[in-house]
There are 2 protein chains.
Amino acid sequence: MEQDIQFEPTVGREDLLIAGKDDAFREMVHNLLAFSARLEQIRSRFGAFVGLSGVQYTLLISIRQLQSERGVGVRALADHLAFSPPFVTSETTKLVKLGLVTKTPNPDDQRRVHLRVSDKGTALLSQLAPIQQEVNDLLFEPVFAANYALVRQLAASLRASAEKAVLLSDYLVGTERSDQ
Amino acid sequence: MEQDIQFEPTVGREDLLIAGKDDAFREMVHNLLAFSARLEQIRSRFGAFVGLSGVQYTLLISIRQLQSERGVGVRALADHLAFSPPFVTSETTKLVKLGLVTKTPNPDDQRRVHLRVSDKGTALLSQLAPIQQEVNDLLFEPVFAANYALVRQLAASLRASAEKAVLLSDYLVGTERSDQ
DNA sequence: TGAACATAATTAAGTTAGTTAAGTATTTTG
DNA sequence: CAAAATACTTAACTAACTTAATTATGTTCA
């Protein structure tokens, strides 16, 4: 008779283990994985609708989101999306050439740059809005008035804990890398 | 005096609008976006620790997750992660060559294939487990006993609604594409 | 002050991650 | 059993993305 093979748990905290097993945790992780793959698919479709790649669409809405009064810099945008700065430079330059984004020097620091969505970019996004509304209404169907605040709070805190977890994993992989 | 520019809301449902505005919704979406970018960063680190790319690591754990008694097929794996079947073929072939995965014909259908994590693959993953535990404990810090069931339920239902939303966006972009 | 160092963005060069299209083998359908 | 469909693979290619080097500016401190 074959023995019941049990993997090492992928999570340690007692709160997240059920009867000492991580099955439920792993299922959750894979659901999140599939969810985030679908978010990416949807961004590709949104982009396609306005003639952009999924990444360009993501950059455009991220610039809109991060720009304050003055604009957002290349580095901040790269960090937000976990891209390399040269990649952000190259893709945002394309958006500038399309007239969707403006790139102006930061007056307080000539090395830096202010990225902002242009009027044309704003117009393009509002053209997309009806489709976004339909898709987002369905995408977030499980979120409704009674749990909205909780889900928003959860998204914010998961994002923060994920940032810490990236730093930890950098540290662990850097220092404890196996030598075989 | 500059007029208060307000974008078209990106979501329609009243439940998700606050005072008719989608600011909170957009903030949530961008938090989820950043969260999912960090999940990807962490998978790259996990992969690096055992000599794999982030995608190869993701494929390996997804095979482990989806394999039933017999194994999982190329198509099912591709759908799960939103990759093309040829890409899954090529990457899983690399994992087979590394001895981490087995690929055997499905006896019931000679066209199909059964992918399974090999003993060597299981060993590799259990070598990684201590690091996964540390990182996952921190990554999911906002999840604890009192909200665990709710978060798991949310992950499952968001994954399901996202699948529907992908189909809808395919339909909308395919049929309503602007002609300018 | 000004030399050494650090930071922001870009350019150039290259790699990897992914795709679409075409082909083979098998299974299903009418 | 011929025609159509499905599963996977191979081949050919493109897009996504990185690292390394460069330019320009700003910061630090002997």
Side-chain angles (χ1 to χ4, degrees), chain A residues 33 36-38 40-41 43-45 47-48 51-60 62-63 66 70-98 101-116 170, chain B residues 33 36-38 40-41 43-45 47-48 51-60 62-63 66 70-98 101-116 170:
Chain A
L33 196 59
S36 104
R38 265 115 206 110
E40 215 174 309
Q41 285 183 284
R43 289 199 302 272
S44 284
R45 268 97 179 143
L52 299 175
S53 72
V55 169
Q56 286 167 351
Y57 167 77
T58 304
L59 281 165
L60 188 61
S62 296
I63 291 170
L66 299 180
R70 306 195 148 180
V72 59
V74 167
R75 184 60 185 271
L77 196 51
D79 284 346
H80 178 64
L81 298 172
F83 288 143
S84 67
F87 182 65
V88 171
T89 294
S90 118
E91 290 299 313
T92 54
T93 298
K94 292 177 195 170
L95 295 175
V96 169
K97 279 177 184 157
L98 291 170
V101 162
T102 61
K103 187 181 283 196
T104 56
N106 180 335
D108 300 333
D109 184 342
Q110 292 292 118
R111 295 171 303 180
R112 296 185 191 220
V113 115
H114 281 323
L115 293 163
R116 288 183 57 80
D170 264 337
Chain B
L33 195 59
S36 103
R38 265 116 206 108
E40 217 176 307
Q41 285 184 284
R43 290 198 302 273
S44 284
R45 267 92 178 150
L52 299 175
S53 72
V55 168
Q56 286 167 350
Y57 166 77
T58 304
L59 281 165
L60 188 62
S62 296
I63 292 169
L66 298 181
R70 308 195 145 179
V72 59
V74 167
R75 184 60 185 273
L77 196 52
D79 283 346
H80 178 65
L81 298 171
F83 288 142
S84 67
F87 182 64
V88 171
T89 294
S90 119
E91 291 298 314
T92 54
T93 298
K94 291 177 194 168
L95 294 176
V96 169
K97 280 179 182 153
L98 291 170
V101 163
T102 62
K103 187 182 283 197
T104 56
N106 180 335
D108 300 333
D109 183 342
Q110 293 293 118
R111 296 170 304 180
R112 297 186 190 218
V113 115
H114 282 321
L115 292 162
R116 288 184 57 82
D170 264 337

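Per chain, numbering begins at 1; letters A, B, ... match sequence-line order. Fair warning: this is a prediction, and the values are worked out from it, not measured in the lab.
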Any heavy-atom pair between the side chains of B:L115 and B:L95 that's under 4.5 Å? no
Quick one: list whatever passes salt bridge (Lys or Arg N to Asp or Glu O under 4.0 Å) with A:E91, sequence neighbours left out. A:K94
Tightest non-hydrogen contact, residues B:R38 and A:H80, listed as NH1-O, 3.0 Å
Can you list everything that forms a side-chain hydrogen bond (donor to acceptor under 3.5 Å, both in side chains) with A:D109? Sequence neighbours excluded, please. A:R111, A:R112
side-chain contact (heavy atoms from CB on, under 4.5 Å) with B:T104: which residues, sequence neighbours excluded? B:H114
Are B:V101 and B:L59 packed together at the side-chain level, in the sense that at least one heavy-atom pair is separated by less than 4.5 angstrom? no
Can you name the residues that form a salt bridge (Lys or Arg N to Asp or Glu O under 4.0 Å) with B:R43, not counting sequence neighbours? none
Search all heavy atoms of B:L77 against all heavy atoms of B:V72 and return the closest pair with its distance. N-CG2, 4.3 Å
Below 4.0 angstrom from OP1 or OP2 of C:dA9, is there any side-chain N or O of A:K103? no
Can you give the first and last nucleotides of DNA chain D, 5' to 3', that have an atom under 4.0 Å from a heavy atom of chain A? D:dA16 to D:dG26
Is the closest side-chain heavy-atom distance between A:L81 and A:V55 below 4.5 Å? no
With sequence neighbours excluded, what pairs up with B:A78 under the side-chain contact (heavy atoms from CB on, under 4.5 Å) test? B:P85, B:V88
May I ask you to test the B:K97-B:T93 pair for a side-chain heavy-atom distance under 4.5 Å? yes
With sequence neighbours excluded, tell me which residues meet side-chain contact (heavy atoms from CB on, under 4.5 Å) with B:T102. B:R116, B:S118
Neighbours of DNA chain D within residues 72-80 of chain B, by heavy-atom distance under 4.0 Å: B:G73, B:V74, B:R75
Would you list the protein and nucleotides 16-20 of chain C atom pairs, both N or O, that sit under 3.5 Å from each other?
{"unit_1": "C:dT19", "atom_1": "OP2", "unit_2": "B:S84", "atom_2": "N", "d": "2.9"}
{"unit_1": "C:dT19", "atom_1": "OP2", "unit_2": "B:S84", "atom_2": "OG", "d": "2.5"}

Tell me whether B:Q41 at atom CD has more than 12 heavy atoms from other residues, nucleotides or ligands lying less than 6.0 Å away. yes
Describe, as an angle rounded to 10 degrees, how the axis at the first end of the helix from C:dT1-D:dA30 to C:dG30-D:dC1 is tilted relative to the axis at the last end, five pairs per end. 30°
Under the salt bridge (Lys or Arg N to Asp or Glu O under 4.0 Å) test, which residues partner B:D79, sequence neighbours left out? B:R75
Listed pairs, N/O of protein and of nucleotides 27-30 of chain C, under 3.5 Å:
{"unit_1": "C:dT27", "atom_1": "OP1", "unit_2": "B:Q110", "atom_2": "N", "d": "2.9"}

With side chains defined as the heavy atoms from C-beta onward, is the minimum distance between A:T92 and A:V113 less than 4.5 Å? no
